[in-house]
Structure formats: C-alpha cells, structure tokens
Amino acid sequence: MISKTYAPQEIEEKWYQYWLDNQFFKSTPDDREPYTVVIPPPNVTGVLHMGHMLNNTIQDVLVRKARMEGKNACWVPGTDHASIATEAKVVAMLKERGINKHDLTRDEFLEYAWEWTHKYGGIILQQLRKLGASCDWDRTRFTMEPDLHDSVIDVFVDLYNKGQIYRGVRMVNWDPQGGTAVSDEEVITKELQQKLVYINYKIAGAQGQEADYITIATVRPETIMADAAIAVNPNDERYKHLHGRKAIIPLINREIPIITDEYVTMDFGTGGLKVTPAHDPNDYALGITHNLPVLDILNDDGTLNEKAQILVGQDRFVARKTIIKLLEESGNLVKTEEYKSNVGTSERTGAVIEPKLSLQWFLKMDELSKPAFKNVMNDTVQLHPAKFKNMYRSWMENPHDWCISRQLWWGQRIPAFYMQDGTIIVAKNKHEALEKVQHEKLLFAMTEADLTQDEDVLDTWFSAWLWPMSVFNGLKEPDSGDINYYYPTNDLVTAPEILFFWVARMIIAGYEYRGEAPFKNVYLTGIVRDKLGRKMSKSLGNSPDPLDLIEKYGADGVRTGMLFSSAAGNDLMFDEKLVEQGRNFSNKVWNAFRLVKGWTVDSSLPRVTQNELSIGWFDAKLNQTLTDVEDLFSKFRISEALQAIYKLIWDDFCSQYLELIKPAFEQPIDQTTFEATINFFEKLMSLAHPFMPFITEEIWQDIRERESSASICIAPFPKPEVVDQQILASFEEFFEIISNVRNVRNTKQISPKTALPLTIKTTLPDRFQPFESLIRKMVNVSTIAYVSDLPDTESSASISFLIKSDEFFVNIAGQIDTEQEITNTRKDLDYNDGFRDSVLKKLSNEKFVANAKPDVIERERQKLADAEAKIQSLKQRLTDLGA
RNA sequence: GGGAGUUUAGCUCAGCUGGUUCAGAGCAUCUGCCUUACAAGCAGAGGGUCGGGGGUUCGAACCCCUCAACUCCCA
C-alpha cells in the first residue's frame, strides 16, 4: 500500500546515498562537452541560510539539466577561509577559553584557527547535501589548502614583478575592533543621531575690537588636537578679515593657519571647517592641496595616543564626551545641536569605521581591469538579468586601486620580506627571497634571519578572485587536463551584492592568467527577504532554519517553493506559504503516481479511440511545453520554466489528461493507453528532475523495471518534437465546453450526480462528435443532440453559452429563471455590440489599415465576424426567451 | 548632491521587439463538493481605469516628458 501523502524524509536520504554510491556527480575529463559550475564558496564560518538555499538550488537545477542532456557536468564545491570573519570567531573562541590572542604567537594562533576550521568548516557543505546538491564532492576545495594557497602567493609575486602591486600610504577604512583595514564594500553606512558641536577657536594676535574667535562646527570634537588648519570659503564675507591669520586650538593651544578653499560649504554649520588630514578622507585631500602636516592622534584600537597631548589612552567615543565637558569648562564650547549623519560601520564587527592613514599593499586596477570591462559590455560575458550591466559599467569605468592587505593572521601571509634597511624583497618564500638578495644585490653574507616577512595577510577576495582557475589547479599547472577541459566554466550563480568585488575581479584574473573570462553567464539571484521586506539575518531572527524547512516540507518542496517566486535579479519575499505550495506539488505528483500505479492492465482490451485522442492531445501539449521550457532556460528564466512545468503536470496532466483516460473504478486499462501514460509520466519526471530530484527519482525507479545502478540523474532530458497545433486548438474548444457546462451546474447548484442533456446548435456537428464520450466522462451529460435550429420552448428551458459561433444549450427545465436569463443575455448583447463597434471603428480607420501588419488586420476581421455571429445568436436567444 | 532600479488584483510577482478573445499566474477570498489518486484535494466565481498627469501613435502596461512614493549604489 502506497502512502496517501508523500513522505520525503524516508526517501531523500536513501536516494542521495544511492547517487553518491554510484558516483553520478563525479566528473573527469572525457570527450563529451563539459558543463562546469564553480560554487560561490561559502565562508567556513557559515551555516546554511536561505540565500544559500536559493543560490544552490538554481545551480543544481542548471547542473542536473546539463548532466541529463549528456554533457559532462561538473559542479565544484568548496569553502572560503574568510579571514576577518573566521579570525573573529577564533578570537571569540579563545576568549571563552580565557586566552588572549595577543598572548599567542602567530603560529600558535594559526593552530587554533585550523582547529576551528576543521571542526566547523565543513558543516555548510554537509548541509548542501540535504538540499540535493549534485556537487562532485571529491573535488571539494578550500582557499587555504596548500595548492590554492600557493596559487595566491604566486599571483602576488607575479603581479608585483609586473609592477601592478605597490605599497603606499592611503586613507583606508580602519576597523578598530577587528584591528584591520576593510574595503569600501565591507563598510555599511548607517544613519546615526550625533551631536554637532560648535567650538570657538581663538584668533592668534587678535586686536581690540575685532572678534576674538572663529566658531567651527564638528561631529568629531575629539580630533581637534589633530587639526592642521581651519578652512573657510574664500567668498565668505564673514571671514574675509581672517584670511592669512592663525587660530589657536583650544585646550592644547597650538597655532594653526586659517586657509581658504572653495570646497567649504558656506551654509553648513558656521562656514568654518576644521581640517584634520589624518582622520578624514576629505580633509586629507585638502591637506595635500594646502601642504598641511598630518598628525595622527589615534592608536589602531581607537584610543588616543600621546600626540593628542590630552586624554591619552581614552577611547575615541569616551574622549568625545570628555572633551565636550573640557571645552565647556574652558569656555570654548558655544553649543551642541542634535544632528543626523551617515557613519560607516564594519560589516564584520559593526564597529564605527575610522578613516586612517596607513601603509598598505595595493593592486593597480586601471590596466588590469580593461578586458574585464570590455567583455562584459560586449556580452562575451553575459549578466542575467542584463540590467546589472549598468551597475557594472559605473564601477568599472573608473575602478579604484584595490587595497589587498589586511592586518590579520588568518589568511595568505603577504610574501614580502624586509631587509634591515627596509628594502622590500617579494618572493615566494624566505628562501627564495634570500636567493634573490644574494644574486641581485650580491649580498652573500645575508642569512634568512636578516629578513623579516610582512606581518599582514591578503584580502580574502584576493584568493576568491582566482577560484574558477585555482579549483582546477589552473595557476600551478596551466596546461593540465583539468583546467584545459573545464575552463572557462559555463555559468556562475551569485548575488548582485558581490558583483564588483568578486565577479568583476574573477573576470579580471581570468583575462590576466588565461586570456579568457572564467564563465560565459552570470546569473544574479535576488536577496531573500522576509514578508516585511527585511533582509533575513541572524540578529533579526527572521530567518527560518533551512534544515527545519527541509525536514518539514521535503527538499523538493523547499526547492520548488523558493523558485516559484524568484525571477532573476529580483529579491525574493520569502513566505512559508511558498514552501507549502512546493510541498503540495510534491504531493500532487505523488498521488498521480499512486493512481497510475494502482491500475491493472488488461492486454485483451481493444484500443480505445477516445483515449487515442487524449494521448494525441497531451503529446502535443507536452511538446509545446518542452519547447517553451527550452526557450525559458536559454534566457535563464528559471522560475518561469518551473511554472510551466508545474502547470503542465498539475493542470494538463493531472486535471485533464488523467481524468480523460482514467478507467472506471476497479476497471482495468488497455495496454496502449497504459503504455502511453507511463511514457508521459516518465518524461514528466525527467523534465521535473532538475527541480525536484528526490521524488522524481523515487517515481522513476518504480514506474518501470530498472537495471541496478540506473538513475534518472543520467536519464535523457526530454527533447521537444513537432507540436500538433490542430489538436491543441480542438481540445481548447473542448475544454471550454467542459468548463461552461460545469459552470452552469455550479451556478444553478445542481448536483454532479444529475445528468444533464446538452444540445449543440451548429452547422458542423462533425467537429464535436469525436468528443462526445469525452464530454460525457468529464461533465455527466445524459444526451448530446445537434440542431440547426432550436424550438423556443426548449431554448427557454435552457441555459446557453456561445463558443465562437456555435451555441450550446444545457436543459435544466424547471430551474430556469427567465427574467434572470433575459437580463444576462441583454448584458452580453450590449457588451458584444460595443465590442463590435470598437472593432469596426478600428477597421474603418484608414491609417490603421494602412499601417498595421496584415496578420493584425486579419485578426481584427476575425474578431468582427465572431462578434457579429454572437450578436445574431444573442438576439435569437432573446426572442426565444420571449423578451 | 550624482546615478540606477522599482511602482500591474488583498499579497508576491510575470507580461521578452507597442497590436490575438478587450491585462496573466500563484497565494489569499467567496460558492459548492470528504465524487474510491490527492481536503497538502476537486469543480467554479469574484477581484485591476497597469503610481498621478501630459505627450508620441491608427493603437500604449510597454516609447518620451513630468510629478510622486519606495529601494539600492556612489559622494
């Protein structure tokens, strides 16, 4: 006995293990066409969230389809070492054990980091299996494993030797909590309520009558000790008398010049701007223009250093409060105002970003990025949806140099070695650095002990940008079989948020090292949000646990549910209702299977003509959908492809086809119909398999005898054949009859058990005769009669409906409300009159006839003819009803 | 301040180059059904002057202008 509802839990684990045991996901180069996808490596710190679910479901759909199409499908999984996030986790873990990071040596710390990685790093990949992901797990890579690590180092050395990497002072986004620089992309701007503080600076050497002070407004009073000047707009009348004078910083009494610059906004604050080059990017730029000194008063952890002279050791935010008090006491504080402004915070630690001057490593982007820019704009690499090309352009037209150093330990340590005099030697390792020194500088007395390696590691993206090459060892062995076979990969599925700092950079690296983009298509998914449109996040607690969802609704249900409403590039408003719909779909498929499975075949039964008609129709419908699905896939409209399949299975196959051919209760079915139905079912399962891998495998295995180690995973994906348009049109008309008769029954509240007589007024009874038994089966009619003219009495005892120019009468004698019928018919007539008139107006418009395409005009003529026939029938109907 | 995107049924979204039966789907709602595959279901129904205004066109949800609201990116 097959269960009445589909129970995914029992089935999913069994088939996933079966797939693994039979190595269906394993790929090695052969003479087939490759289809390659590299996973966007999730952070080792990550656990599966809804975004991963969506992203990986789409990848799996693409990969499974390609595999069924006979391509050598290879989906490479792996994880990313995520230096900042992981280091933060490890530091936290150490803290719990009572260990302070700074008490450890670098090597000791790294041991803990590896311990953490080995313990938690693989979790997310295990979770992907529950989703059904058909990755080649033997190829699992990690950005810190030796081969990938070495590739990163090699690339650094190579780019340095090519003159693309330099070391320079830059204003960077400093995360005082993480103790590292973060990229612009990792800074989240937040609007914060702040205090705008008005401070009086005494004018040096002020004479009797003139104002003794200049007032400036700032949100960062704690940085006044780092001021290098006060700037005013040269056109500002209020301050013209101060040009060339000097002001005195309160509390520390240091003199600074008053300078003029058009940059200063006259109507913001007081029009006076304190210039602090070390602690603000705009001020830094001003400082360069005006040749101002740079005075950095902050330590890396955000506390004030001795250069501040006062408040040394205090945290910047504590100092901000303290200094307001001090200024008040000294009489320099004018007032404070509430003020909202945007403040950058670190994506990883949440700390307020401190603009900071520091010595960092940079990669020049102008030359390197050119091919990547051009080849996206000319569609060599296609973005789906294409609207993201705009965003890509705005970023790539003027790329900033990439700050690639991070002040962390977890990651690839920068292979730069300093001699005692500060000379930089870049080499793969200390040994090679020493050789280089000895050979190039002829300093043969040098030893490794005389070289110190740079303390910093490389930005995680500096390893991620090599991912499509490094997973195939494409940088270490550029001529190996793997990289030559799999590269360039086909499709990349990722989020638009990382279009710039990952996707663009992979394309850059691809052109630099392989002369070719790393993929042909980039499918950009949306962000998964909750019902209220908020991004799902752990802190909000608004994200369901994907594994719970899988447990509750089945992996197939979750997969289809997520895809129902997720057009490419659009955010997905997640609602558990979607997943429920997916679960219901699984159940529908399951029950169709139960029905078919329950039939007994009687091979002695003759072929049934009416069934052959239905088979012909469904065959046409199937082929039409296959054509549509191919087209949708080619445009990466994955969600629409799923919807087309959903409708084909639910509406066309279950609601129509199965009802049409279903034998009466406990009656056997003939061989021909059974065979055709099993064939259809098999094709439908193959068609749905990329979306719902588990249930389709279960049914596919059971619907026919299978050889051991056969699988739907490697069964052929159905290909569209010629569509019989004629039969589709006839059935459309047939379904319209069915639906109209049912509607009559419904509106008149007539029991389905009451058989109703149907009369068809038509000049072509032949069109309907073949469908008679099908009509009877679908709507319980007692008789079907054809007339060329219907007696008034019978007409007035019937409800009628029109399909094209044929009129159908359902006799429900005794239950007819003549008045109501007349009102309805009049309404119908009025509408058709109006419709005819509008069509007539169009056709009598010379410009329309002259400009519109012939087929458009032909359609209008047809509409006119249909409307006129309808009007004729409706008028007759009114007469019959005695109106 | 600069740029981009969005605005279509109660909700979430389709609607690809302007032209089929006068705008589609799913969910939700309403009506009637436990009809022996499925109530996680079946059969039906209602619901939108396509954000507002203007324009181009024989014809606009779709093209142009303008206004508004929301979202995102950059400064």
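Quick note on labels: first sequence line is chain A, next is B, and so on, each numbered from 1. All values below were derived from every heavy atom in this structure, side-chain atoms included, with hydrogens, water molecules and symmetry-related copies excluded.
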Sub-3.5 Å pairs of nitrogen or oxygen atoms, protein against nucleotides 3-12 of chain B:
{"residue": "B:U12", "atom": "O2'", "partner": "A:Ser565", "partner atom": "OG", "Å": "2.9"}

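When the P atom is compared between B:U7 and B:U12, the two are found 12 Å apart, to the nearest whole Å. One C1' atom belongs to B:C42, the other to B:C63, and the distance between them is 45 Å to the nearest Å. With both ends at atom C1', the span from B:C70 to B:U56 equals 29 Å, rounded to whole Å. Taking atom C1' in both B:U20 and B:A45, one finds a spacing of 25 Å when rounded to whole Å. With both ends at atom C1', the span from B:G59 to B:G18 equals 8 Å, rounded to whole Å. Comparing the P positions of B:C62 and B:U8 gives an interatomic distance of 14 Å, to the nearest angstrom. Comparing the P positions of B:G32 and B:C38 gives a spacing of 23 Å, expressed to the nearest Å. When the C1' atom is compared between B:G26 and B:G47, the two are found 15 Å apart, to the nearest whole Å.
In this structure the side chain of A:Ile738 never reaches within 4.5 angstrom of the side chain of A:Leu774, judged on heavy atoms. At a threshold of 4.5 Å between non-hydrogen side-chain atoms, the residues A:Thr825 and A:Leu829 do not count as touching. The closest side-chain heavy-atom distance from A:Met562 to A:Val528 is below 4.5 Å. Residues A:Val579 and A:Lys552 are not in side-chain contact: their nearest non-hydrogen atoms beyond the backbone lie 4.5 Å or more apart.
A salt bridge is absent between A:Lys870 and A:Asp866: the closest approach of a Lys/Arg side-chain nitrogen to an acidic carboxylate oxygen does not fall below 4.0 angstrom. The pair A:Lys662-A:Glu659 meets the salt-bridge criterion, with a side-chain N (NZ, NE, NH1 or NH2) lying under 4.0 Å from an Asp/Glu carboxylate O. Between A:Lys827 and A:Asp830 there is no salt bridge, since none of the side-chain N atoms of the basic residue sits less than 4.0 Å from a carboxylate O of the acidic one.
Between A:Tyr646 atom OH and B:G24 atom P the separation is 20 Å, expressed in whole Å. Atom CG in A:Leu642 sits about 11 Å away from atom C1' in B:G26, given to the nearest Å. The distance between atom OH of A:Tyr392 and atom P of B:C73, rounded to the nearest whole Å, is 19 Å. Counting to the nearest Å, the P atom of B:C13 and the CD atom of A:Gln643 are 13 Å from each other. Following rounding to the nearest Å, A:Lys841 (NZ) and B:G19 (C1') show an atom-to-atom distance of 16 Å.
For the side-chain hydrogen bond (donor to acceptor under 3.5 Å, both in side chains) condition, the pairs that include at least one residue of residues 728-737 of chain A, sequence neighbours left out, are A:Glu733-A:Arg767.
Ring pair A:Tyr646/A:Phe691: centre-to-centre distance not below 6.0 Å.
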Donor-acceptor contacts, no H, no angles, side chain residues 647-657 of chain A, under 3.5 Å, sequence neighbours left out:
{"residue": "A:Ser655", "atom": "OG", "partner": "A:Trp650", "partner atom": "O", "Å": "3.2"}
{"residue": "A:Tyr657", "atom": "OH", "partner": "A:Thr677", "partner atom": "OG1", "Å": "2.9"}

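With hydrogens and angles disregarded, a donor-acceptor distance shorter than 3.5 Å links the side chain of A:Lys389 to the backbone of A:Met377. Checking side-chain atoms of A:Asn832 against main-chain N and O of A:Ile871 turns up no donor-acceptor pair under 3.5 Å.
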**Q.** Nucleic acid footprint by protein, nucleotides 37-49 of chain B - heavy-atom cut-off 4.0 Å, B for base, S for sugar-phosphate alone
**A.** BBSBSSBSS----
Q: Quick one, give me the B/S/- string for nucleotides 58-64 of chain B, reading 5' to 3', where B means a protein heavy atom under 4.0 Å from the base and S means that only happens at the primed atoms, P, OP1 or OP2.
A: B------
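Ring geometry for A:Phe501 against A:Trp461 counts as perpendicular: the plane angle is over 60°, on a 0 to 90° scale with 30° as the lower cut.
RNA chain B contains the following stems of three or more consecutive Watson-Crick or G-U pairs, with both distances under 3.5 Å: B:1-7 with B:68-74, B:10-13 with B:24-27, B:29-33 with B:41-45, B:51-55 with B:63-67.
The structure places CG of A:Leu660 at 4.0 Å from CE of A:Met778, a figure rounded to the nearest 0.5 Å.
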